[in-house]
There are 2 protein chains.
Amino acid sequence: MAHTYEYPRPALTVDCVVFGFDGAGLQVLLIRRGLEPFLGAWALPGGFVHMEEDLEAAARRELEEETGLKGVFLEQLETFGAPGRDPRGRVVSVAYFALVRPDRNPARGDTDASEAAWFPADKLPELAFDHSVILTTALERLRGKIRYQPVGFELLPESFTLTQLQALYEAILGRGLDKRNFRKKLGAFDFVVETQGFAGGSHRPARLHRFDHDKYEALRSKGFLFEL
Amino acid sequence: MAHTYEYPRPALTVDCVVFGFDGAGLQVLLIRRGLEPFLGAWALPGGFVHMEEDLEAAARRELEEETGLKGVFLEQLETFGAPGRDPRGRVVSVAYFALVRPDRNPARGDTDASEAAWFPADKLPELAFDHSVILTTALERLRGKIRYQPVGFELLPESFTLTQLQALYEAILGRGLDKRNFRKKLGAFDFVVETQGFAGGSHRPARLHRFDHDKYEALRSKGFLFEL
DNA sequence: GCAAAAGTGTTCACTCTACACCCATGG
DNA sequence: CCATGGGTGTAGAGTGAACACTTTTGC
């Protein structure tokens, strides 16, 4: 069991593209850098991978340290390793993308620390390093993925109205959808089920629904393909 | 421009899952390891990333060094970094998948060196490290990808018969397709065009076709979605 | 009673699927 | 002339898209 590899090694980081949904538009969680380089610039949350630490675990750890988020949906996106992407030297970054429900979101409305903040996905500031590239990649992935996998539910509260769900799809896909067709298609899948609750407001209350993960898994394992 | 990061760092490698098509089934190119650990075992071609070397460049370099292949279709797959995946210590591997045309394939039928060999994708030997996991991931990705992106052409010669193309799709998707429907759908896309050539054989010659990359790009940029 | 959002069906066009026979060549 | 794979069309079912009005609630 030799201690091999006495070559110089690139440094290894993880970065997270965190998406949220505020009811109207898709949002991205950024942090303000407190260190050089790019001190004061906005950047994706992330940091160095420890020895003996799994990559996804590193992403979750950094996410919690820098934004307080835990237990979110997280999936590997792509690894960015162009020489020169970090002015300090060779740094390779494994990027993840995360989806956060608005109800378990400590950073939302966070004003005491100007360290983490949400930005509309279509109106982002300049970012440190190559983080804009990573972000664009993540957006494309999300747009592609939402069409054939039920990831959208990770951006809504546990129970939601069908109008909210439709607004989410419209925001991500960037185009309007027909209300009756949208609901008809959902009706065909039985993994979106009614709850007993209703949402309030100055108008007719909307029935709340939830995503039934077990029913979805049962269907999917039978070679079922979701498509919206 | 501090020389920061005096932490211990994981070692970084690239590994390539190389797919080929022999006219009947999907194949994977493996190499026999000449070093410990797993000496003599079959493994994915790959190796260490140099400092100052782009990740994809590293994958291409290793591919050429170990199999002689160059200029192939190559795309990043996923990064595997579980602690313990390499008995020598912490090694993180960025996996790529490659598609090679049978006509520019030096390794095919290679018998003098028992170093690289093709295996049917559904009948693989035990592999070193976690390479079986990587391979399974690559297969899933290929199956998913071929349905909405014209990657299949990267596995066929420059010009091919429609029967060959259909056989390829059937091999990857793992089910039979209707000949008339298959050809009807291709006819609707005008990026598969007739050439003047014919394939020989003891029977009626088949018209050769080719993939028109420019026409495809023109369509795709207009928001066109390929689906087979 | 009015403003605001919720909820609900039908028709038409198009796409997908199933299906069987004649054609061109080499031997 | 026969064996082998190449090449072609149609009908019926299913799916996707367009489209407008009634209901329920708070104020």
Side-chain angles (χ1 to χ4, degrees), chain A residues 21-25 146-148 150 156-157 159-210 219 222-228, chain B residues 21-25 102 146-148 156-157 159-171 173-210 219 223-228:
Chain A
F21 181 65
D22 68 353
I146 201 172
R147 297 192 36 191
Y148 60 93
L156 291 175
S159 62
F160 48 85
T161 68
L162 297 184
T163 304
Q164 281 179 303
L165 183 62
Q166 183 177 343
L168 170 63
Y169 272 78
E170 290 178 340
I172 296 179
L173 297 177
R175 64 189 163 93
L177 298 172
D178 181 272
K179 183 162 56 155
R180 279 171 291 189
N181 293 337
F182 184 81
R183 290 154 109 103
K184 201 191 317 170
K185 192 168 271 177
L186 284 179
F189 308 135
D190 59 352
F191 53 76
V192 176
V193 296
E194 291 189 351
T195 67
Q196 293 313 307
F198 287 89
S202 294
H203 46 74
R204 175 170 176 178
R207 175 135 244 151
L208 290 172
H209 293 71
R210 68 184 172 79
L219 277 176
K222 286 185 192 120
F224 158 85
L225 193 64
F226 172 82
E227 202 151 330
L228 201 93
Chain B
F21 181 64
D22 68 354
I146 201 172
R147 296 192 36 191
Y148 60 92
L156 291 175
S159 62
F160 49 84
T161 68
L162 296 183
T163 304
Q164 282 179 302
L165 183 61
Q166 184 177 342
L168 170 63
Y169 272 78
E170 290 178 338
L173 297 177
R175 66 191 161 91
L177 298 172
D178 181 90
K179 182 163 56 156
R180 277 172 291 190
N181 294 337
F182 184 82
R183 290 154 109 103
K184 202 190 319 169
K185 190 167 272 177
L186 284 179
F189 309 135
D190 59 351
F191 53 77
V192 176
V193 296
E194 291 189 350
T195 67
Q196 294 312 308
F198 289 89
S202 294
H203 47 76
R204 175 170 176 180
R207 175 134 244 151
L208 291 172
H209 294 71
R210 68 185 173 80
L219 277 176
F224 158 85
L225 193 63
F226 173 81
E227 203 152 330
L228 201 92

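Values below: every heavy atom of this structure, side chains too, minus hydrogens, waters and symmetry copies. Each chain gets a letter, A, B and so on, in the order its sequence line appears, and its residues count up from 1. Nothing here was measured: the structure is a model prediction, and the numbers come from that model.
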Roughly how many Å is it from [atom1] in [X] to [atom2] in [N], rounded to a whole number?
X: Lys184(A); N: dG7(C); atom1: NZ; atom2: P; value: 17 Å
X: Glu194(B); N: dG6(D); atom1: CD; atom2: P; value: 15 Å
X: Gln166(B); N: dG7(D); atom1: CD; atom2: P; value: 12 Å
X: Arg183(B); N: dT15(C); atom1: CZ; atom2: P; value: 21 Å
X: Asp178(A); N: dT15(D); atom1: CG; atom2: C1'; value: 15 Å
X: Leu177(B); N: dC19(C); atom1: CG; atom2: P; value: 15 Å
X: Asn181(A); N: dT15(D); atom1: CG; atom2: C1'; value: 11 Å
X: Phe198(A); N: dA5(C); atom1: CZ; atom2: P; value: 18 Å

Worksheet, complete the sentence: Shortest non-hydrogen pair, Asp190(B) vs Val193(B), comes out as O-CG1, 3.5 Å

Worksheet entry | Short side-chain to backbone donor-acceptor contact, Gln166(B) and Leu177(B), under 3.5 Å | yes

Fill in: 4.5 Å side-chain heavy-atom contact, Leu173(B) and Arg147(B)
yes

Practice prompt. With the side chain of Lys185(B) defined as its heavy atoms from C-beta on, choose the nearest nucleotide among dG7(C), dC19(D), dC16(C).
Written response: dC16(C)

Fill in: Candidate nucleotides dT17(C), dA6(C), dG16(D), ranked by approach to the side chain of Lys179(A) - the nearest
dA6(C)

Worksheet item: For dC19(C), does either OP1 or OP2 sit under 4.0 Å from a side-chain N or O belonging to Arg180(B)?
Response: no

Discussion item. Mind checking if Thr163(B) touches a base, just sugar-phosphate, or nothing, with heavy atoms under 4.0 Å?
Written reply: sugar-phosphate

Worksheet entry | Heavy-atom neighbours of Arg207(A) CZ exceed 12 at 6.0 Å | yes

Worksheet item: Under a 4.0 Å heavy-atom cut-off, which of residues 201-208 of chain B touch DNA chain C?
Response: Gly201(B), Ser202(B), His203(B), Arg204(B), Pro205(B)

